[in-house]
Peer 1: 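One structure coming up, written as structure tokens, with questions to follow.
We name chains A, B, ... by the order of the sequence lines, and we start the count at 1 in each one.
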2 protein chains.
Amino acid sequence: MIRENANITYSIAAVERDTGLSKDTLRVWERRYGFPTPERDENGERLYPGDQLERLRLIKRLLDQGRRPAALMKCGEAELAALLGSSETAAAGIDDPDFIARRDEVLGHLRAHRSSALRSTLGQAFMKQGLQAFVTDTVAPLNVAIGEAWMRGEIDVPGEHQYTEQLQNLLRAAIGGQASSNGRPRILLTTFPEELHALGLLMVEAMLVPEGAQCVSLGTQTPLADIRSVAVAGNYDVVALSFSAAFPARQAIDGLLELRAALPGTVAIWAGGCAVRNKQRRLPGIRVIAALPDCVSALRDWRVRNAA
Amino acid sequence: MIRENANITYSIAAVERDTGLSKDTLRVWERRYGFPTPERDENGERLYPGDQLERLRLIKRLLDQGRRPAALMKCGEAELAALLGSSETAAAGIDDPDFIARRDEVLGHLRAHRSSALRSTLGQAFMKQGLQAFVTDTVAPLNVAIGEAWMRGEIDVPGEHQYTEQLQNLLRAAIGGQASSNGRPRILLTTFPEELHALGLLMVEAMLVPEGAQCVSLGTQTPLADIRSVAVAGNYDVVALSFSAAFPARQAIDGLLELRAALPGTVAIWAGGCAVRNKQRRLPGIRVIAALPDCVSALRDWRVRNAA
DNA sequence: GAATCATTTTGTCCTGGACAAACACTTGAC
DNA sequence: GTCAAGTGTTTGTCCAGGACAAAATGATTC
């Protein structure tokens, strides 16, 4: 444990920022489930102790995996930790000894904030594997491992920043080096307004650019109307959207169908991420990408179908 | 005007996301100032028309410049626009014809979403000027110009994303190419928890790395306790913080003084950005960076003082 | 298995009151 | 003239507790 829980308390705004749970949600949980149970300052305002913040973070993480609050609230510390472990080990590459060694090396660097060592470890893996294999076999499972380590308190906020920072540098440089300005298809990458994590987009881009596609990333959180106008005006062939686990599935489906209706049929739509997994049936006219390597097959399918 | 205001309305959550004004603030403004005046749906929930959203964005922007709400609410459309123009033209380089030409080129690309043209325009400016001059003479005033264009509705969300995206690629690549792993001083770059914009940090890094300093960026929003522990454990010589105009000055000063007390005297603190401008007097033991080029002089001063 | 409906769970929104922190302004000391 | 301290006003955040729609679950049918 690096994090120091001491006797520090946190305001409701601080907890909202740290956990991603809205103030309204925090208050209503207290009313309904009897947790959390913050102290109050002399003015009646909530003060959350560090251990409750910790527990809220854990709960949020499990919610994002599809668990439901009422059940989680009753669990003890140990049960929560067990639940977390149970569902996340399914990621690929977990049993590859090369990956394990590299993972432990990275985690060690992050714990000690050795940023230049981190950079060279990541750089070496990249050199050895090439961009695409690096993304699928190293970065993707590493993200999971780091998420877990963060929940266990082994890694702190700066450590996590360090990781995304270095990885962004590496991926952007690699993508920039290979970018073509006239390849086909032209692909527009983005996410819907509620999405946050930029890293996922960067990973997809890293998979597609080496195949000769021309990717343009709009960054995260693009409103639907803007996606439409850019896709049409920019003469794109494909619009690719990414959805994290935290994104409500229903909203993703509705948004995708709406976008499908708004775009001309000549523009393909690809959707990837946990929120749309196994939803192909409900998404006619949209190509669902089940996992990172599949975006390469989607690209090849597109080329076969559009061979002129 | 590219944005289409049609008859679309926005929920309070959408407005919060788009403007950065909290739901509480939006409701209390309505109560106090009589603006905004959203319609209601059949269930009594607020629906903000597009033009009010537009106006709220403008107001937020002016708030970030230090104006106060009560005054702004009374203004007409034209007055608000005038206020915005009045305070931002002070940026350097505005009268340089080379800059003006480049600025108009960039704005044209952004309006039309020509991303590869944008990349090459930025890349050319970078090649011609070198990293440091590029940052001070092109990027800094360009940011201001783009902010203004965005307020005037000339540029949309994707356009702005496009710009930050391409600029990040360029700067990260340039920094990565020059990074040294054993230069002095070792500098830790970050911002306090409330800060958002990553571009500012990247710009500072771009100024310092060519001087042979060893920069490590923690990204944005690092808690104070974490800054302290990383700085000490990582054996840093300097901790550099960046504050945007939106950051409350009082909080910046208190935070800096607290950090100064928490760090050993051997670690220097540099602070830059609008929020701390002209506050050198109240910040003993902290080096205030008035403008981008000053971080180079701060670096030279440090070297003179620590010549062993 | 997959679609439809009823039921429960869950998050967001509402009102209107309260209050502290930030700000503008005045006063007095150097 | 500049700074520190004190006063009044503005402004954002927090609170309670009720309401309701959207999402998830389970039952039923095809």
Peer 1: Looking at residues at least two apart in the chain, or sitting in another chain, which of them share a side chain to side chain donor-acceptor pair (under 3.5 Å) with A:Asp18?
Peer 2: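 With sequence neighbours excluded, A:Asp18 shows a side chain to side chain donor-acceptor pair (under 3.5 Å) to no residue whatsoever.
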Peer 1: Could you state the NZ-C1' distance from B:Lys74 to D:dT10, rounded to the nearest angstrom?
Peer 2: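 After rounding, the gap between these two atoms is 11 Å.
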Peer 1: Of the listed nucleotides (C:dG11, D:dT25, D:dT11), which one gets closest to any side-chain atom of A:Arg68?
Peer 2: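 Looking only at side-chain atoms, A:Arg68 lies closest to D:dT25.
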Peer 1: Ignoring hydrogens and angles, write down the donor-acceptor pairs under 3.5 Å from the side chains of residues 26-38 of chain A, residues two or more places apart or on other chains.
Peer 2:
{"from": "A:Glu30", "atom 1": "OE1", "to": "A:Arg46", "atom 2": "NE", "distance (Å)": "2.7"}
{"from": "A:Glu30", "atom 1": "OE2", "to": "A:Arg40", "atom 2": "NH2", "distance (Å)": "3.4"}
{"from": "A:Thr37", "atom 1": "OG1", "to": "A:Gln52", "atom 2": "NE2", "distance (Å)": "2.9"}

Peer 1: Under 4.0 Å from OP1 or OP2 of D:dT13: is there any side-chain N or O of B:Ser22 that close?
Peer 2: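 Yes, B:Ser22 has a side-chain N/O under 4.0 Å of OP1/OP2 on D:dT13.
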Peer 1: Sequence neighbours excluded, which residues qualify as salt bridge (Lys or Arg N to Asp or Glu O under 4.0 Å) partners of A:Arg305?
Peer 2: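 Residues passing salt bridge (Lys or Arg N to Asp or Glu O under 4.0 Å) with A:Arg305: none at all.
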Peer 1: Report the distance from atom CD1 of A:Ile12 to atom C1' of D:dG12, rounded to the nearest whole Å.
Peer 2: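 Rounded to whole Å, this separation is 15 Å.
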Peer 1: Residues in side chain to side chain donor-acceptor pair (under 3.5 Å) with B:Glu39, at least two apart?
Peer 2: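 None.
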Peer 1: Is the shortest side-chain N/O distance from A:Thr25 to OP1 or OP2 of C:dT12 below 4.0 Å?
Peer 2: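 For C:dT12, OP1 or OP2 has a side-chain N or O of A:Thr25 closer than 4.0 Å.
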Peer 1: Roughly how many Å is it from CZ in B:Arg32 to P in D:dT13, rounded to a whole number?
Peer 2: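 Going from CZ in B:Arg32 over to P in D:dT13 covers 11 Å.
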Peer 1: Do the side chain of B:Arg27 and the base of D:dG12 come within less than 3.5 angstrom through a donor-acceptor pair of N or O atoms?
Peer 2: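 For B:Arg27, whose side chain was compared with the base of D:dG12, there is no donor-acceptor pair (under 3.5 Å).
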Peer 1: Side chain to side chain donor-acceptor pair (under 3.5 Å) with B:Arg287: which residues, sequence neighbours excluded?
Peer 2: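 Here the qualifying residues are B:Asp301.
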Peer 1: Just how far, in rounded Å, is C1' of C:dC13 from CZ of B:Arg31?
Peer 2: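 Atom-to-atom, B:Arg31 to C:dC13, this comes out as 14 Å.
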Peer 1: When you measure from the side chain of B:Arg260 to the backbone N and O of B:Gly285, does any donor-acceptor pair fall under 3.5 Å?
Peer 2: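 Here the side-chain-to-backbone pair exists.
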Peer 1: When the distance from CG of B:Asp24 to C1' of C:dC14 is rounded to whole Å, what number comes out?
Peer 2: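 Taking atom C1' of C:dC14 as the reference, CG of B:Asp24 is at 11 Å.
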Peer 1: Are A:Ile59 and A:Pro69 close enough that some pair of their side-chain heavy atoms sits under 4.5 Å apart?
Peer 2: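 A:Ile59 does not reach A:Pro69 side chain to side chain.
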Peer 1: Could you say whether A:Ala14 or B:Ala71 is positioned toward the 5' end of DNA chain D, judged by the nucleotide with the nearest heavy atom to each?
Peer 2: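 Residue closer to the 5' terminus by nearest nucleotide: B:Ala71.
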Peer 1: Can you check the B:Leu72 CG to D:dT11 C1' distance for me, whole Å?
Peer 2: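 Rounded to the whole Å, the gap is 13 Å.
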Peer 1: Between C1' on D:dG17 and CH2 on A:Trp29, what's the gap in Å once rounded to a whole number?
Peer 2: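 One finds 19 Å between C1' of D:dG17 and CH2 of A:Trp29, rounded.
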Peer 1: Would you kindly give the CD-to-P distance between B:Glu30 and C:dG17, to the nearest whole Å?
Peer 2: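 Rounding to the nearest Å, CD of B:Glu30 and P of C:dG17 are 15 Å apart.
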Peer 1: Determine: side-chain N/O of B:Lys23 to OP1/OP2 of C:dC13, distance under 4.0 Å, yes or no.
Peer 2: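 So the side-chain polar atoms of B:Lys23 do come within 4.0 Å of the phosphate oxygens OP1 or OP2 of C:dC13, strictly under.
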Peer 1: Considering only heavy atoms, which members of residues 37-47 of chain B lie under 4.0 Å from some atom of DNA chain C?
Peer 2: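 Those residues are B:Arg40, B:Gly44, B:Glu45, B:Arg46.
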Peer 1: Do any side-chain nitrogens or oxygens of A:Tyr33 fall under 4.0 Å of OP1 or OP2 in C:dT10?
Peer 2: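 The answer is yes; a side-chain N or O of A:Tyr33 sits under 4.0 Å from OP1 or OP2.
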Peer 1: Between B:Ala70 and A:Ser11, just flag the one whose closest nucleotide in DNA chain D comes earlier from the 5' side.
Peer 2: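 That would be B:Ala70.
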